[in-house]
Amino acid sequence: MNVFRELAQAVRAALREATDGVVAGLEAPAAGVELPRDPAHGDFATNAAMTAARAARMNPRVLAEGLSERLRADARFASVEVAGPGFVNLRMTPEFWRTQIPVILKAGAAYGDSDIGAARRVNVEYVSANPTGPLHVGHARGAVFGDALARLLTRAGYDVTTEYYINDAGAQVDALARSVHHRYLEALGEGPGPMAADMYPGEYLKPLGAVLAEEFGPRWRDADEAAWLFTFRERAVAAMMAAIREDLAAAGIEQQVFTSERALVDAGGVERAIAGLEQKGLVYWGILDPPKGKKPDDWEPGRRQLLFRSTEAGDDVDRPLKKSDGGWTYFASDIAYHMDKAARGFEDLIDVWGADHGGYVKRMQAAVTAATAARLNVKICQLVRVLRGGDMVRMSKRSGDFVTLREVVDEVGRDALRFLMLTRRNDAPLDFDLAQAVAQSRENPVFYVQYAHARCCSVLRHGEDIGEASAEDLARLEEPEELELIRRLAAWPHTVETAAAAHEPHRAAFYLMEAATDFHALWTKGRETARLRFIQDDDPVGTRARLALVRATAIVLAGGLRTLGIEPTERM
RNA sequence: GCGCCCGUAGCUCAGUGGAUAGAGCGUCUGCCUCCGGAGCAGAAGGUCGCACGUUCGAAUCGUGCCGGGCGCACCA
């Protein structure tokens, strides 16, 4: 139970009484308890009287008066005031705030855990980059976002599974196999000439080419592609996935399930999925209009093809399930994959995609809605621009020369990478400044928050032999700055709940910056004002109380950082 | 042309239908005998892209414009 829900409950009960039972609770959708921006409006405010006024057939101000009269009977409130058009502003007593300290200390690392997820089974699929090369910094964003979202949902009481979908069935992995064969020929000392346009030119395939040359010798030098393609593809995909998993691990990410598209296709999953859609009348043979934008060169007008009725669920046009060569489209196998996830018992599917897949959302949601009982939520991560001290770092995918996830981790560390990636909403573009990421100052948020935690630990080390604070000791916490910090700490469980519900881990990141600000402010005050110093040799009682506050701060900061997958460092 | 996303301080960005819209950077002014000053306090800086609408109340919801990004049979 967090303070927010405690108060919402109190308001709900008071509202029921004040309206003689006409309004049973916070029924109006916009009604609730909120944190006012202006501290003059109290610790909490509720608009319940305004939103319930209509249902109760009462004047909002009159209702607010009735509401506040009942709330005043509650000893937790220092003051209850009606303001403006019918707000009820609530101010808690210092005693109430102080009781939060033992709550935090007792919960420890579990402080902020919630049960709003009600153990619902959620599948979070992220990264899922093609296994054709190393992850770049754009993948890093989706990776960090997906991982942090999964951790957040777990904290909020969801039963979360993290997953990576391996796209190992399309033409791109054949091109990968050919690229590896090219490197293999090079390693044999052949001069295979320039790579074909559809090959992957990066240096990263050279080691694998050398390994295969060592292992097989010239056996596949002059052989038909058909003879070696399978082997080279298997080996290449395995090598790429191993490298990808290493890179993810370097960023602190380890997914639980890896699903192979090829395995799904080979097992007949696509046929079964499409047959299921057919039974529902969602598949038909038809003719598609040419795309409205630039017309493809090889457009064949009037060709009949197998289509999915995605327009029935809000897509713009119906989408092809089969290619002109008779093979399944990526969309078809993706439908099968999502049906597979639903069949595994997930009620909520969350996909984290890059910005270039934005046009794919509607059709996939249409398919999931039509074919499964699950809900699909797609989170699009916008592009990342890499800067160094404000200047763009050039990226060229063509030459295979781009900023990789590993390079960024090596340069700035995984904590900085993760935190900075989470200081923006996922649906807004992100500038990632390498210089900012390594700065040891206020402008680097990860440093700033970790520093606050390290400071807590430093103070606690100095006060190691000081005992636990009793409830009476805690009464010594009466300075406004101290109570302000407690208020902030008490808001953490609510932050977890709202961030998880909105699928917005960045809210947790911003919360941590605010909590760090409050702590740094109090710390500095102690340098200026003797009575605010945490440790005072001539005042063991006050010292115990203040160290309890510092310990609670450390718990919240550490718990918050861990929720984002970031190490709460104890020394810097 | 169509779809999705974004327009908030000089710059980079937060902002849960609520009251006087907030941080960081940059600019200016202050604060170290000290538990870590790698920090803190303060000042200046805004027609929340524009216009209608819904609402007791709109940066937030809806519609239409204007900017910018991404994507637009069969690739993945």
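In the text below, chain A, chain B and the rest are named by the order of the sequence lines, each starting its count at 1. Reckoned from all heavy atoms, side chains included, excluding hydrogens, waters and symmetry mates.
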Report which part of the nucleic acid A:S458 touches: base, sugar-phosphate, or nothing (heavy-atom distance under 4.0 Å, all strands). base
Give the ring-plane orientation class for A:Y330 versus A:Y165, where under 30° counts as parallel, over 60° as perpendicular and anything between as tilted.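 Geometry flag for A:Y165 against A:Y330: tilted rings.
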Give a yes/no on whether any side-chain N or O of [X] is located under 4.0 angstrom from OP1 or OP2 of [N].
| X | N | value |
| --- | --- | --- |
| A:Y448 | B:C40 | yes |
| A:R363 | B:C72 | no |
| A:R425 | B:C6 | yes |
| A:R533 | B:C35 | no |
| A:K379 | B:C4 | no |
| A:R385 | B:G69 | no |
| A:H506 | B:G15 | yes |
| A:R424 | B:U12 | no |

Quick check: any donor-acceptor pair below 3.5 Å linking the side-chain of A:R319 to the base of B:A73?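 Not at all, since no donor on one side and acceptor on the other fall under 3.5 Å apart.
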Do A:N47 and B:A19 share a donor-acceptor pair, side chain to base, under 3.5 Å?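 Result: no qualifying N/O pair found.
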Answer yes or no as to whether B:A19 has its base stacked against A:F87, where stacking requires a ring-centre separation under 5.5 angstrom and planes under 30 degrees apart.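 The base of B:A19 is stacked with A:F87 (centres under 5.5 Å, planes under 30°).
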Determine if A:H41 stacks with B:A19; use a centre-to-centre distance below 5.5 Å and an interplanar angle below 30° as the criteria. yes
For B:A41, what is the paired nucleotide under Watson-Crick or G-U wobble rules, both distances under 3.5 Å? B:U29
Using ring centroids (six-membered ring only for Trp), state whether A:H462 and A:F534 fall under 6.0 Å. no
